[in-house]
Amino acid sequence: MPLLGLGTFRLRELQNITKAVDAALACGYRSFDTACVYRNEADLGCALRQLLPVHGLTRSDIFITSKLAPADLGQNAREACLQSLKELGCEYLDLYLIHWPGRQGWRSDDARNVEARKEAWKAMEDLYDAGLIKAIGVSNYTEHHLTQLLASCRVKPAVLQVEFHPQLPQTDLLSWCTENEVHLQAYSSLGCGNLLGKEDVKKVANVYRKKPSQVLLRWALRQGVGVIPKSSDPERIKDNFDVWDFDLMEEDMHELRMDGKEHRYCWDPTGVA
C-alpha cells in the first residue's frame, strides 16, 4: 500500500476527476481513495480505465480503496461492497473500510451500533476470503471501537484511517496501532486547509524551502503514517507528491505542534457506542 495517495472527497464530475487522475498518475501517484458516500466511484473507475494504458500501467499497478457507507453498516455490507466494485468496474478492491462506527439514522449512543459493526465486519471477512477484497480495515474508529473489533474478529483490520495532523496528533491511537500492527492512514492532513496559514507551519516551511502543505504531509509521513491529500488542481497534486526529497528535524516536528492544543476539524467519533 503506497504511503501517499490521492484523496477524492468532494471531487465530482468525470471531467474533473479525469483531469486530477491524469495529473496524479503522471507524477507518480499509485493509490486512490474513494467511498460510496463520495458518489464518484463510477467516474473514478472510468477515469482509471481510460488513463492507465496512457501511462503504461495496468490495474495491478495501482491501489484502490473504497468505504462502506454508514447507511449500509450491518446486514447490507456485502451488497454495498459488491455495488462499489460494480461502480468502479473492478474485479477486486485493494482495501475496503468501514467508513464510520455508527449506522446512519441511529443515535451515536445506540447500542445496536456494536452489533451492526460486527455484522459488517463478518461480511467483509467473507469477501476477503473470496478474494474480492485484498485487505479490510476501518475509518474513524477510536481505541474503544478497535478493542471491541479485535475481541470478535477473525481477520484483523489492516488499516485505520482517521483525522490526523499536528493539531490532532492522536498519539495514543498511533501507539495502539503500532503495537497491534495496524497501519494508520491520515485524512485531513492539512486540517481542512486551516493549518496552511499558521505562522509556525509557514516558519518551518521556509526553513526547508517547501510549501506549508508539503511540511504538513511530511510531518505525518515521518511517523510512518500514510496520507491521502485531496485536490483537483494539477499543480497542487504535483506539490503534494513532492515530499520525498527532505526530512524534518525533531525540533521542527515539535514546532509544527504549535501551542500543543488539540483541535478536530472533522467528525468526532468518540461518542459512538
Side-chain angles (χ1 to χ4, degrees), residues 1-72 80-81 83-97 99-100 104 139-140 161 163-165 185-197 211-214 216-217 220 226-244 265-267:
M1 177 181 178
L3 271 177
L4 197 158
L6 181 70
T8 65
F9 178 52
R10 290 180 177 166
L11 187 57
R12 299 276 177 81
E13 299 182 5
L14 181 58
Q15 181 179 356
N16 295 331
I17 292 173
T18 301
K19 181 180 178 181
V21 170
D22 191 27
L25 290 172
C27 60
Y29 287 79
R30 296 296 180 264
S31 179
F32 299 87
D33 179 274
T34 184
C36 174
V37 297
Y38 298 171
R39 293 185 289 171
N40 61 13
E41 289 174 312
D43 285 341
L44 176 61
C46 182
L48 286 168
R49 287 192 300 277
Q50 174 188 336
L51 293 168
L52 287 178
V54 174
H55 291 274
L57 301 169
T58 65
R59 169 66 181 91
S60 62
D61 294 316
I62 62 168
F63 193 100
I64 300 177
T65 300
S66 193
K67 309 178 195 76
L68 176 71
D72 294 317
C81 180
Q83 183 62 31
S84 286
L85 282 166
K86 181 179 178 182
E87 293 287 326
L88 284 158
C90 294
E91 293 182 357
Y92 66 92
L93 284 171
D94 297 281
L95 176 64
Y96 194 61
L97 307 176
H99 206 155
W100 183 256
Q104 182 177 322
S139 180
N140 295 301
Q161 188 184 106
E163 181 182 354
F164 181 90
H165 48 70
Q185 186 180 57
Y187 70 74
S188 297
S189 299
L190 313 183
C192 297
N194 292 284
L195 304 185
L196 297 174
K211 297 184 177 180
S213 58
Q214 293 170 324
L216 288 167
L217 293 171
V227 293
I228 45 171
K230 59 183 177 68
S231 180
S232 60
D233 181 82
E235 282 303 312
R236 289 182 181 174
I237 289 170
K238 185 176 184 296
D239 286 342
N240 289 341
F241 197 78
D242 187 20
V243 293
W244 304 109
Y265 291 98
C266 301
W267 310 271

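Hydrogens, waters and symmetry mates are skipped; everything else that's a heavy atom, side chains included, is used. We count residues from 1, following the sequence as given.
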Using 0.5 Å steps for rounding, measure from the CD atom of E163 to the OH atom of Y187. 5.5 Å
Sequence neighbours excluded - side-chain hydrogen bond (donor to acceptor under 3.5 Å, both in side chains) pairs with any residue from residues 26-39: D33-K67, D33-Q161, T34-N40, Y38-K67
Nearest atoms (heavy-atom pairs only) where A80 meets L68: CB-CD1, 3.6 Å
Say whether, by atom type as modelled, one donor and one acceptor occur between the side chain of N140 and the main chain of H99 under 3.5 angstrom. yes
Contact check, side chains of N194 and Y265, non-hydrogen atoms, under 4.5 Å: yes
S139 OG to W100 CH2 distance, which is reported to the nearest 0.5 Å: 8.5 Å
Just jot down the side-chain contact (heavy atoms from CB on, under 4.5 Å) partners of E87, sequence neighbours excluded, or say none. E41, A42, Q83
Mind checking what makes side-chain contact (heavy atoms from CB on, under 4.5 Å) contact with E13, not counting sequence neighbours? N16
Are the side chains of S213 and L196 in contact, using a 4.5 Å heavy-atom criterion? yes
Heavy atoms only: give me the nearest S188-H165 pair and the separation to one decimal. O-CD2, 3.2 Å
Looking only at non-hydrogen atoms, find the nearest pair between L6 and A20 and report the distance. CD2-O, 4.2 Å
Could you list the donor-acceptor pairs under 3.5 angstrom formed by side chains in residues 226-237, with sequence neighbours left out?
unit_1 : atom_1 : unit_2 : atom_2 : d
S231   : OG     : D233   : N      : 3.1
D233   : OD2    : E235   : N      : 3.1
D233   : OD2    : R236   : N      : 2.9

List the atom pairs, donor and acceptor, that lie under 3.5 Å between side-chain atoms in residues 47-62 and the rest of the protein, sequence neighbours left out.
unit_1 : atom_1 : unit_2 : atom_2 : d
R49    : NH1    : G45    : O      : 3.3
R49    : NH1    : L88    : O      : 2.9
H55    : NE2    : D22    : OD1    : 2.7
T58    : OG1    : S60    : OG     : 3.0
T58    : OG1    : D61    : OD2    : 3.3
R59    : NH1    : I62    : O      : 3.1
R59    : NH1    : D94    : OD2    : 2.9
R59    : NH2    : Y92    : O      : 3.0
R59    : NH2    : D94    : OD2    : 2.8
D61    : OD2    : T58    : N      : 2.8

State, yes or no, whether a side-chain contact exists between F32 and L25 at a heavy-atom distance under 4.5 Å. yes
Could you measure the distance from the CD1 atom of I64 to the CG atom of L95? Nearest 0.5 Å is fine. 11.0 Å
Check whether any side-chain heavy atom of I17 lies under 4.5 Å from a side-chain heavy atom of T8, and answer yes or no. no
Separation between CD of Q185 and CG of L3, rounded to the nearest 0.5 Å: 9.0 Å
For K19, give me all partners under salt bridge (charged side-chain N to carboxylate O under 4.0 Å, His left out), at least two apart in sequence or on another chain. none
